[in-house]
Amino acid sequence: MADDLLIPITADVDVVTARQRGRDLAAEAGFSSGDQTVIAAAISEIARNILMYAKRGEIALSLVANGDRQGVVVVARDQGPGIRDVPRAMQDGYSTSGGLGLGLPGARRLMDDFDVTSDAGKGTTVTMKKWRRMNA
Amino acid sequence: MEVPILKQGHYLIASIQSALTDADLSQLREALIERVGRFRARGVIVDVTALDVMDSFAVRTLRDIAHMARLRGAETVIVGIQPEVAFAMVQLGLTLKGVSTALDLEEGLAFLNVQTQVRIDRGPGRLDRG
Amino acid sequence: MATKGKEAQSPLPDPQAQTESTAALLRELVAHLRQNRTQLREEWARRITRAQLLTAMTEEEIFAEATSVYDNYVEALETGTFEALQAYARNLSERIIPRGVETHEVVGIVLLLRDVLARSLFGKYHEDFDKLNRILDAYEPAANRIANTVAVGFVQERERIIRQQQEAIRELSTPVLQVRERLLILPIIGVIDPQRARQLTEQLLRAIRTNRAKVVVIDITGVAAMDSNVANHLVQTVEASRLLGATVIVTGLSPEIAQTLVTIGVDLSEMATVGDLQGGIEEAERLLGYKVLPLEDLTPKA
Ligand SMILES: Nc1ncnc2c1ncn2[C@@H]1O[C@H](COP(=O)(O)OP(=O)(O)OP(=O)(O)O)[C@@H](O)[C@H]1O
Ligand SMILES: [Mg+2]
């Protein structure tokens with residue numbers, strides 16, 4: 001994926017930038033404005049998690065095609081503390097920071113594909129995709 | 001970006017103009033709560049028409065504003081949530097439970113007028129600060 | 001390096017890669033088709049009519065389209081690029097599909113053109129059999145690819161139109177009705193799959209905004225069954241409507257659907273439900289501040 005859009009996440013403005021770039025990319029790829037909003041909201045959640053739990057990291061945005069489907073791919077990477085119990089973090093209401101505990105499970109509901117890999121002490125990578133039928 | 005807060009009669013109106021960072025949102029919360037006390041406001045309207053996304057932090061902040069304003073005697077109404085934003089919010093699991101909502105500024109004002117009227121009718125028994 | 005024996009089999013290589021002989025043969029072919037344009041075009045149009053293809057079109061229309069296809073065809077042969085032909089095929093399909101032209105007709109006319117042109121080549125080169133062979137070898141792969149381009153363009157366009165129509169039918173099957181100012185009714189009938197549920201919600205939310213609705217009655221009397229996915233969606237619709245400032249009343253909830261809602265953890269006391277549509281409308285009017293006559297059959301809340 002050579003033409004990834006890389007957005008470093010080190011401050012709260014970057015969360016806004018990341019979700020706006022995500023929306024722009026989705027719009028460019030022909031996603032409906034409803035889907036653009038959904039993608040932007042999911043990016044906002046995982047970008048904020050980077051900032052909150054890992055302090056810094058990055059978000060890569062790209063487009064993929066698969067048969068007659070086109071997808072927006074969002075990869076969020078950090079080298080923070082990692083998530084000790086991923087299945088638990090994916091549950092509604094689980095939060096170690098007094099939050100709503102809706103970021104990860106909510107983003108999963110918003111997107112079509114969702115994957116978290118995390119190593120305690122090494123960092124976290126969240127990969128998520130939203131698909132759209134082409135020529136529709 | 002600082003959100004302008006207008007005082008109109010007994011009401012405070014915060015109209016968000018563009019995308020907000022978490023710091024902007026926290027700042028809005030502080031400013032509103034401080035002003036509710038200072039002006040003894042009866043109602044607060046937060047106009048979010050310009051927001052194209054509402055995530056968990058934004059929702060949590062709006063909920064905090066409503067709860068803290070209520071403790072200080074003001075009713076809060078969130079106006080202008082866009083259809084797509086609302087749909088994304090509920091899919092995420094965000095619902096603004098316990099916070100009033102209205103279609104736009106006009107509706108929000110009408111809602112507050114009814115709300116505060118009801119309270120005056122009920123007499124002073126429900127004053128939260130005393 | 002002048003001639004290689006491979007070019008005849010290759011499926012029309014791009015112009016740069018063509019060996020000189022194929023290129024020269026195609027040039028000669030193109031010149032022939034240009035010279036005999038009037039006559040070949042007429043012959044083709046005649047054969048189309050005789051084969052009873054494109055019966056939905058008049059003879060003038062057929063001739064006009066035949067001319068355009070012919071010219072695009074020759075151009076594709078000449079340049080080896082298919083973009084213009086592709087665009088034309090799509091445009092043509094867009095025009096003729098609404099008139100009921102079928103896939104077999106489109107494939108039929110392209111094959112007829114191939115045949116008309118091949119016959120004319122026989123006529124011209126029948127004395128030089130060797131040359132005829134080489135010309136046909138150069139012509140055939142190109143002609144096949146052209147036929148393919150046109151047919152695929154047609155089928156794709158047809159699929160696109162069908163999808164569009166399905167979309168339109170779906171829109172129609174879930175009308176949002178405004179019964180009076182600020183009151184919308186959404187009667188849902190039939191089977192709801194996740195896709196339809198989603199569309200329904202988007203439609204309703206937009207309608208709330210444009211009609212400035214304050215109360216919405218969603219009537220699900222006509223919904224036979226609801227799996228937990230769709231039930232979840234109903235709850236989301238109710239919540240999203242509230243975020244826009246509208247109150248939702250659900251009517252016609254069958255005991256089975258009520259059970260499904262409870263099973264997925266919905267607190268039914270938090271959802272305004274009224275037995276039937278009539279009762280729902282009365283409740284809505286009460287909320288809107290209208291005077292309604294008897295109130296006795298409104299289900300009390302909580
Ligand atoms: N990038 C990350 N690095 C380390 N831990 C993380 C990361 N992302 C999430 N977590 C952990 O997973 C938990 C759940 O995350 P989630 O985003 O669902 O909820 P939250 O951030 O606590 O609250 P909310 O997002 O609703 O405000 C977090 O509380 C945190 O412990
Ligand atoms: Mg989070």
Side-chain angles (χ1 to χ4, degrees), chain A residues 9-24 26-27 31-53 55 74 76 89-95 97-112 114 128 130, chain B residues 1-3 14-31 33 46-68 76 78-99 101 103:
Chain A
I9 305 290
T10 57
D12 67 353
V13 279
D14 302 329
V15 176
V16 176
T17 306
R19 71 180 182 227
Q20 276 169 351
R21 289 279 159 74
R23 175 187 286 276
D24 293 346
F31 280 81
S32 71
S33 62
D35 279 345
Q36 292 168 34
T37 305
V38 155
I39 292 165
I43 292 175
S44 199
E45 292 300 337
I46 56 158
R48 176 172 303 98
N49 280 354
I50 290 180
L51 201 59
M52 198 174 251
Y53 304 109
K55 303 280 182 290
V74 180
M90 290 305 300
Q91 281 170 15
D92 276 359
Y94 175 78
S95 173
S97 65
L100 299 171
L102 284 174
L104 288 175
R108 173 162 66 179
R109 281 190 291 270
L110 291 173
M111 302 296 276
D112 296 321
F114 193 90
M128 49 190 195
K130 188 86 185 165
Chain B
M1 231 215 86
E2 199 162 316
V3 179
S15 38
I16 296 170
Q17 309 289 320
S18 63
L20 298 182
T21 64
D22 293 359
D24 296 336
L25 278 163
S26 303
Q27 196 263 335
L28 171 64
R29 183 188 58 212
E30 301 316 317
I33 299 313
V46 183
D47 187 348
V48 299
T49 309
L51 290 188
D52 65 357
V53 172
M54 272 221 243
D55 61 13
S56 57
F57 191 85
V59 164
R60 185 144 49 106
T61 308
L62 292 176
R63 262 170 30 176
D64 289 350
I65 289 172
H67 293 155
M68 291 162 84
T76 300
I78 311 297
V79 305
I81 299 178
Q82 297 300 306
E84 280 139 11
V85 174
F87 195 29
M89 281 171 72
V90 297
Q91 288 175 77
L92 229 161
L94 303 168
T95 57
L96 278 176
K97 273 217 168 63
V99 183
T101 48
L103 192 70

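Every heavy atom of this structure was used, including side-chain atoms; hydrogens, water molecules and symmetry mates were not. Remember, predicted model here, so these are calculated numbers, not experimental data. Here is how names work: the chains are called A, B, and so on, in the same order as the sequence lines, proteins then strands, and each is numbered from 1.
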Name the member of A:Asp14, A:Val16, A:Asp92, A:Leu110 that forms the most heavy-atom pairs with chain B at distances under 4.5 Å.
A:Leu110

Output, in order, the C-alpha distance, side-chain angles, deciding distance and verdict of side chain to side chain contact (heavy atoms under 4.5 Å, CB included) for A:Leu51 and A:Val15.
CA-CA 8 Å; A:Leu51 201 59; A:Val15 176; 4.1 Å; yes

Below 4.5 Å from any heavy atom of chain B, which atoms of A:Ala107 appear? Answer side chain, backbone, both or neither.
backbone

So, the side chain of B:Arg29 versus the backbone of B:Met68: is there a donor-acceptor pair under 3.5 Å, distance only?
no

When you compare the side chains of B:Thr61 and B:Asp64, does any donor N or O come within less than 3.5 Å of an acceptor on the partner?
no

Chain B contact via A:Arg108 - which portion, at a heavy-atom distance below 4.5 Å
neither

Best-contacting candidate, B:Asp24, B:Thr21, B:Leu94, B:Val59, against chain A by heavy atom pairs under 4.5 angstrom
B:Thr21

Where is the tightest heavy-atom contact between A:Thr37 and B:Val85, given as atom of each residue plus distance?
CG2-CA, 4.0 Å

Could you look at A:Gln36 and say if it's the side chain, the backbone, both or neither that has a heavy atom under 4.5 Å from chain B?
neither

Interatomic distance, CE@A:Met128 vs CD1@A:Ile46, rounded to 0.5 Å, equals 3.5 Å

